[in-house]
Amino acid sequence: MPVKLELGGGLGAAVQAVQTVATWSRLAEGSCPVVLSPSFATQQTTRERFASTLPGMAALYFASSVKSGTESLDRYRALEAAAPRVKAMQESDFRNTLRGIGVALVCFAGAKSEFLNPLYSRPAPGFVRGHADFRVLLPRVLSQLGVGLAEKLTEGQLELLSALVYQLFLNTDEHAADDVHGRRYTTGLRGFTARLTTLEDVPSLVRYSGEDTALRAYLTKLALLPSQRAEPPKNKKLPSGAVRLVEVSVFDTGPGLALRWLSQTDGPLSYRDVSEERELDAVQSCFGKHATTKAGQYSGLGLPMALMAMKRLNAFMTLRTGRMSLYQDFSVGATEAFDPKRRYPAKHRLSEIAGTGYTVWFKVT
């Protein structure tokens with residue numbers, strides 16, 4: 001496994017890497033050693049660097065052991081490198097939760113500090129803090145991404161964005177920890193991340209967006225329209241066409257959105273039992289009907305507010321779950337409903353992936 005990802009894991013790559021690591025772990029059924037460079041075993045700086053990234057923490061957590069050159073380390077010894085980052089999450093020391101310009105709040109199933117203080121009022125399932133707490137939390141997180149960043153958003157935008165994060169995390173708290181049989185996963189992650197990603201010019205954004213034509217169109221529009229261009233950080237000049245994006249992600253390593261939805265209605269317990277067309281329809285139904293997979297008083301209330309948040313921010317949303325990779329561009333025209341589409345052509349088949357990962361991008365001007 002590499003020590004780092006290109007762009008620091010930006011454009012949603014870090015979250016999808018976590019989902020990929022969880023998938024690998026479950027397919028391996030307990031025998032899942034992660035192979036790292038020889039310097040991981042011999043150099044503390046390498047261990048700290050690897051454990052300071054979201055995919056690195058996930059790999060150490062899901063691995064049965066770590067192979068570093070000729071040396072083999074047990075999981076608990078390897079995880080010691082991630083302990084300072086988790087401590088920072090628990091203590092709301094957001095600047096030190098990740099390496100680089102980013103913040104992560106990650107709940108590790110089974111860990112002593114699984115129920116992080118910034119996200120939970122009590123260390124137990126079902127005690128996610130309220131929307132008012134998330135409204136306070138989000139500006140504090142954004143302020144770690146850049147001086148004055150939270151102030152660049154209006155009060156209305158902050159209110160809606162915090163409501164979006166709150167609703168998505170509330171849903172993942174109830175449904176990410178258990179499999180479709182209702183059994184609690186022995187290993188699993190759920191969390192919230194925010195980061196600042198800068199694409200320096202149009203060729204860069206074309207290269208990084210790859211085959212994702214919808215994302216390329218969105219980023220190109222931000223780069224070429226003068227009113228959409230980034231302001232350079234203090235004492236730093238960005239090249240013409242540079243785009244600064246705030247990325248906010250909520251993710252988990254549970255059974256996935258469609259499988260959870262369908263298992264509650266007619267019983268499919270694996271993606272092998274569901275066609276891709278039916279899976280896509282199930283995911284779109286969750287959004288199109290303003291429905292959620294969550295039971296109780298919040299059912300159906302969160303997505304209309306989330307839709308308003310996306311529209312107000314002219315955001316671009318991606319969703320990776322099961323065999324689906326979907327998107328919706330909220331900067332295009334009048335958007336009246338959630339209607340996510342495939343990011344790639346139908347012939348581009350994707351492998352099943354654990355959990356659900358939402359990433360929302362919007363410009364910083």
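Heads up: numbering here begins at 1 and tracks the sequence.
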Would you say the side-chain atoms of [X] pair up with the backbone N or O of [Y], donor to acceptor, closer than 3.5 Å?
X	Y	answer
S209	L205	yes
E247	G12	yes
T23	A354	yes
S204	E200	no
T193	V250	no
T321	T356	no
R190	F251	no
S162	E159	yes
S249	T359	no
R244	L199	no

To check you understand the geometry: which heavy-atom pair defines the closest contact between [X] and [Y], and what is its length?
X	Y	answer
A82	M57	CB-CG, 4.0 Å
I101	L145	CG2-O, 3.3 Å
G188	T253	CA-OG1, 3.4 Å
A59	V21	CA-CG1, 3.8 Å
M89	V106	SD-N, 3.4 Å
L259	P255	CB-O, 3.8 Å

- [ ] State plainly whether the residues R77 and E71 are in salt-bridge range, i.e. N to O under 4.0 Å.
- [x] yes

Task: Presence of salt bridge, E155 and R135, under 4.0 angstrom - done: yes

Open item on the list: My understanding is that only one of V86, L189, D173, L119 makes a side-chain contact (heavy atoms from CB on, under 4.5 Å) with C107; could you say which?
Closed with: L119

Task: Passing candidate, side-chain contact (heavy atoms from CB on, under 4.5 Å) with R320, options V15, T20, L350, L257 - done: L350

TODO: Test R184 against E114 for salt bridge (charged side-chain N to carboxylate O under 4.0 Å, His left out), laying out the working first.
DONE: CA-CA 14 Å; R184 200 161 185 85; E114 175 181 353; 3.6 Å; yes

Open item on the list: If the test is ring-ring contact (aromatic ring centres under 6.0 Å, His included), which one of F192, Y166, Y120 qualifies with F134?
Closed with: Y166

Task: Enclosure of Y327 OH (heavy-atom neighbours >12, cutoff 6.0 Å) - done: no

Open item on the list: Does R75 qualify as a cation-pi partner of Y61, given the criterion of NZ or CZ under 6.0 Å from the six-membered ring centre and within 45 degrees of its axis?
Closed with: yes

TODO: Compute both the distance and the angle, then confirm whether R99 meets the cation-pi test with F50: under 6.0 Å from the six-membered ring centre, within 45 degrees of the axis.
DONE: no

If only side-chain N and O atoms count, and only distance matters, is there a donor-acceptor pair under 3.5 Å linking [Y] with [X]?
X	Y	result
S113	Q90	no
T97	R95	no
T172	D252	yes
R312	Q157	no

Following the transitive rule for hydrophobic clusters with a side-chain heavy-atom cut-off under 4.5 Å over Ile, Leu, Val, Met, Phe, Trp and Tyr, establish whether [X] and [Y] coincide in one cluster.
X	Y	value
L138	V136	no
V248	L5	no
V128	Y185	no
Y271	V180	yes

TODO: Determine, stepwise, if the pair F316 / F330 fulfils ring pair (Phe, Tyr, Trp, His ring centres under 6.0 Å).
DONE: CA-CA 6 Å; F316 188 93; F330 292 88; 8.8 Å; no

- [ ] Begin with the C-alpha distance, continue with both residues' side-chain angles, and end with the deciding distance and a verdict on salt bridge (charged side-chain N to carboxylate O under 4.0 Å, His left out) for E276 and R349.
- [x] CA-CA 9 Å; E276 288 191 18; R349 301 187 62 137; 2.9 Å; yes

Task: Value rounded to 0.5 Å, distance of OG in S263 from CG in D273 - done: 11.0 Å

Open item on the list: As an exercise, state the distance from CG of D212 to OG1 of T318, rounded to the nearest 0.5 Å.
Closed with: 8.0 Å

TODO: Evaluate the criterion salt bridge (charged side-chain N to carboxylate O under 4.0 Å, His left out) for residue pair E6 and R207; output intermediate values, then yes/no.
DONE: CA-CA 12 Å; E6 198 166 18; R207 178 165 64 91; 3.1 Å; yes

Open item on the list: Holding to side chain to side chain contact (heavy atoms under 4.5 Å, CB included), I want the full list of residues that pass it with Q44, two or more places apart in sequence or in another chain.
Closed with: R47, E48

